[in-house]
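So the structure is just underneath, and the comments pick up after that.
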Amino acid sequence: MNVDVEPKETKQIIPTNVLQQTAFWARLKKKQGWYPYAFDLSLGKNEGSIPHSLNDKEREGDILITLRKLGGGRYMAYVPFGPEQLPDEERRGVWLEEISEQLRNFLTDDCLFIRYDLYWESPWANEDDFYSADGTWLGPPDAHIQELRMNFDTRHFRLRKALSDMLPAHTVMLDLNDNEDKLLAQMKSKTRYNIRLSQRKGVKVRHAGTEELPKWYQLYDETYHRNRLASNDISFFEQIFTTRADDTWSPGEVDLLLAEKDGEPLAGMFLARSGKRATYLYGASSSKHRNLQASHALQWAAIRRSKETGCTEYDLFGISPKPDPDHPMYGLYRFKTGFGGEKIHRQGCWDYPLNEEAYEQYRLSEMNATGYHL
């Protein structure tokens, strides 16, 4: 497989439903201290040929890469939910290897590895042997088996399954082409009941402005302390809310929604939009008045808002891979699957070492540092 990689301005990243592969995301990450780069990906028209001009190749799409500091003057090249394109599904590793070797030419010696947070669905999500009798996905095989499959037919056998994922690999996607009655009918009865209960109890959802970020942050801080999770400071959310990319090919938009009762904030979320997809990016809720089911009201308002703005998909963004009560995201699995939709199981993070010795040292340091890093 002959791949050609050409650098370009991040403002020229092509439109996509994948928020993390937009010019908007590039600008946001730059604000947060990352270094964004964009590249066109092309294949030669003729097998074995080397493309020399745009007329001699077929563009498969593009890719956003963000460089992240690791300390000691070293970097990781991180690809959030990319590449989207998969020209040959049976040779995923060959595609990644060729892209990586081309990207090597544009990365300094201080870059230890490329980490692909793959957008592609897990190949084991489509194999009957990996489902239980009741249709529950059992998850992929162990990392060694995954690596054997990924590296099949590669030249260097370098692709490694990362120890943890940086973006959620498992999610629920709603089809918003259906009308509201059908969307409600596809939900679990308890979810539908809680939406209506919150409405009867007087929970209202509204858009909030930048000046109300402290209200959101209080909910967020409470949620993350309640669940013993590492949290971001309020400036992190200010950057998300104020980033603009309207002068680019792939802008994104973010709304802050608050669910309230009598003016008291009970739940909130950052609702992002890119292309025809809306994404539930961040959420938080109060420990008080949980009987009012404000989080259900908030989700239903976000779904309706997404439809109104022309979106055809709604990504609930992050669940446990299966209904395992011991998994830290099991609560999100129960909550989000209640809204219906399709469960998506992606491949998660994969590493391509550029400096194998230094990469192994970094990998050791990562063993106790797991979690998501939006």
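If you read the sequence from its start, that first residue is 1, and numbering goes on from there.
Contact of the M150 side chain with the W350 side chain is registered, since non-hydrogen atoms from C-beta on lie closer than 4.5 Å. Annotation: side chain of L103 is in contact with side chain of I114 (closest heavy-atom distance under 4.5 Å). Counting heavy atoms from C-beta outward, L219 and K215 have side chains that stay 4.5 Å or more apart. Between K29 and L64 there is no side-chain heavy-atom pair separated by less than 4.5 Å. In this structure, the side chains of F24 and S250 stay at 4.5 Å or more apart for every pair of heavy atoms. W95 is listed as a side-chain neighbour of E60, based on a closest heavy-atom distance under 4.5 Å. Taking the side chain as every heavy atom from C-beta outward, Y282 and I240 approach each other to under 4.5 Å. L184 places a side-chain heavy atom less than 4.5 Å from the side chain of I195.
The distance from the CD atom of Q85 to the CD1 atom of I99 is 8.0 Å, given to the nearest 0.5 Å. Atom CG of L281 and atom CG of D315 lie 9.5 Å apart (nearest 0.5 Å). The line from SG of C349 to CG of L167 is 7.0 Å long, rounded to the nearest 0.5 Å. To the nearest 0.5 Å, atom CG of residue L148 and atom CG of residue L159 are 12.0 Å apart. Taking OG1 of T66 as the reference point, atom OH of Y75 lies at 13.0 Å (rounded to 0.5 Å). Taken to the nearest 0.5 Å, the CG atom of N194 stands 11.0 Å off from the CZ atom of R192.
Residues I344 and Y333 do not share a hydrophobic cluster, defined by chaining ILVMFWY side chains whose heavy atoms lie under 4.5 Å apart. Under the 4.5 Å side-chain heavy-atom criterion for grouping Ile, Leu, Val, Met, Phe, Trp and Tyr, M173 is not connected to L118 through any hydrophobic cluster. One hydrophobic cluster holds both Y352 and L67 under the rule that ILVMFWY side chains link at heavy-atom gaps under 4.5 Å. Connection of L197 to F339 is not established within any shared hydrophobic cluster, with ILVMFWY side chains joined at heavy-atom distances below 4.5 Å, either directly or through further cluster members. Under a hydrophobic clustering in which Ile, Leu, Val, Met, Phe, Trp and Tyr are joined whenever their side-chain heavy atoms come within less than 4.5 Å, directly or via other members, M166 and F236 fall into the same cluster.
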ask   = So L256 and F241, side-chain contact (heavy atoms from CB on, under 4.5 Å) or not? Walk me through it.
value = CA-CA 8 Å; L256 174 59; F241 202 43; 3.8 Å; yes
inquiry  = Run the side-chain contact (heavy atoms from CB on, under 4.5 Å) test on D40 and V5 for me, step by step, so that the C-alpha distance in whole Å, both residues' side-chain angles and the decisive distance to 0.1 Å come before the verdict.
reply    = CA-CA 6 Å; D40 275 323; V5 172; over 6 Å; no
query = Hey, mind stepping through T136 and S132 against side-chain contact (heavy atoms from CB on, under 4.5 Å) and telling me if it holds?
reply = CA-CA 5 Å; T136 300; S132 65; 3.4 Å; yes
request  = Test R160 against E360 for salt bridge (Lys or Arg N to Asp or Glu O under 4.0 Å), laying out the working first.
outcome  = CA-CA 11 Å; R160 302 283 303 278; E360 289 299 334; 2.6 Å; yes
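Environment of CG in D128: sparse, with no more than 12 heavy atoms of neighbouring residues, nucleotides or ligands closer than 6.0 Å. Within 6.0 Å of atom CZ in F157, more than 12 heavy atoms from other residues, nucleotides or ligands are found, so the atom counts as buried in its surroundings.
A perpendicular orientation is assigned to the rings of H296 and F335, their planes being inclined by more than 60° (bins at 30° and 60°). Between F113 and Y359, the ring-plane angle classifies as perpendicular under the 30° and 60° cut-offs. Under the 30°/60° scheme for interplanar angles, the aromatic rings of F39 and F106 are found to be tilted. Taking the six-membered ring where the residue is Trp, W34 and Y78 present tilted rings, their angle falling between 30° and 60°.
For the side chain to side chain donor-acceptor pair (under 3.5 Å) with Y314, the qualifying choice from K307, R305, Q299, R273 is Q299, the only one to do so. Under the salt bridge (charged side-chain N to carboxylate O under 4.0 Å, His left out) test applied with E260, the options K204, R206, K201 reduce to a single match, R206.
Nearest heavy-atom pair, F130 versus P140, reported as atom, atom and distance to 0.1 Å: CE2-C, 4.3 Å. Contact detail for I303 and L174: the closest heavy-atom pair is CD1-CD1, 3.6 Å. Contact record, G202 with K261: O-CD, 3.6 Å, taken as the closest heavy-atom pair. Scanning all heavy atoms of the two residues, the minimum distance from A77 to L107 falls at CB-CD1, 4.1 Å. L258 and A208 get closest at one heavy-atom pair: CD1-CB, 3.7 Å. Listed here is the closest heavy atom pair of A278 and S306: CB-OG, 3.1 Å.
The backbone N or O of I63 lies less than 3.5 Å from no partner atom in the side chain of Y37, so there is not a single donor-acceptor pair. A donor-acceptor contact shorter than 3.5 Å links the side chain of K336 to the backbone of G318. For S274 (side chain) and T16 (main-chain N/O), a donor-acceptor pair under 3.5 Å exists by modelled atom type. S122 contributes no side-chain N or O that, together with a main-chain N or O of H345, makes up a donor-acceptor pair within less than 3.5 Å. Not a single donor-acceptor pair under 3.5 Å links the side chain of D351 to the backbone N or O of P353. In this structure a side-chain-to-backbone donor-acceptor pair under 3.5 Å is missing from S285 to A267. In this structure, S198 contributes its side chain and A294 its backbone to no donor-acceptor pair below 3.5 Å. Of the possible polar contacts, one joining the D233 side chain to the S235 backbone as a donor-acceptor pair under 3.5 Å is found. Although no hydrogens or angles enter the test, the distance criterion places a donor-acceptor pair under 3.5 Å between the side chain of N151 and the main chain of R158. Side chain of E97 to main chain of H156: a donor-acceptor pair is present (N/O by atom type, distance under 3.5 Å, no hydrogens or angles).
Residues satisfying the side chain to side chain contact (heavy atoms under 4.5 Å, CB included) criterion with N17, sequence neighbours excluded, are K276, R277, E313.
Taking the ring centre of W124 as origin, the terminal cationic atom of R149 falls inside the region bounded by 6.0 Å and 45° from the ring axis. Note that R346 lies in the cation-pi zone of F81, set by a 6.0 Å cut-off to the ring centre and a 45° limit from the axis.
The closest side-chain donor-acceptor pair between E222 and S287 falls under 3.5 angstrom. Looking at Y116 and S100, their side chains do bring a donor and an acceptor atom within 3.5 Å of each other. Side chain to side chain, T10 and K30 fail the donor-acceptor criterion of an N or O pair below 3.5 Å.
Residue pairs meeting the salt bridge (Lys or Arg N to Asp or Glu O under 4.0 Å) criterion with at least one partner in residues 325-335, sequence neighbours excluded, are absent.
Ion pairing between R363 and E356 fails under the 4.0 Å rule for side-chain N and carboxylate O. Salt-bridge annotation for D175 and K182: absent, with no side-chain N of the basic residue lying under 4.0 Å from a carboxylate O of the acidic one. Taking a cutoff of 4.0 Å between a charged side-chain nitrogen and a carboxylate oxygen, K161 and E147 do not qualify as a salt bridge. Ion pairing between a basic and an acidic side chain is recognised when a charged N comes within 4.0 Å of a carboxylate O; E101 and R104 show such pairing.
Y224 has its ring centre less than 6.0 Å from the ring centre of Y220.
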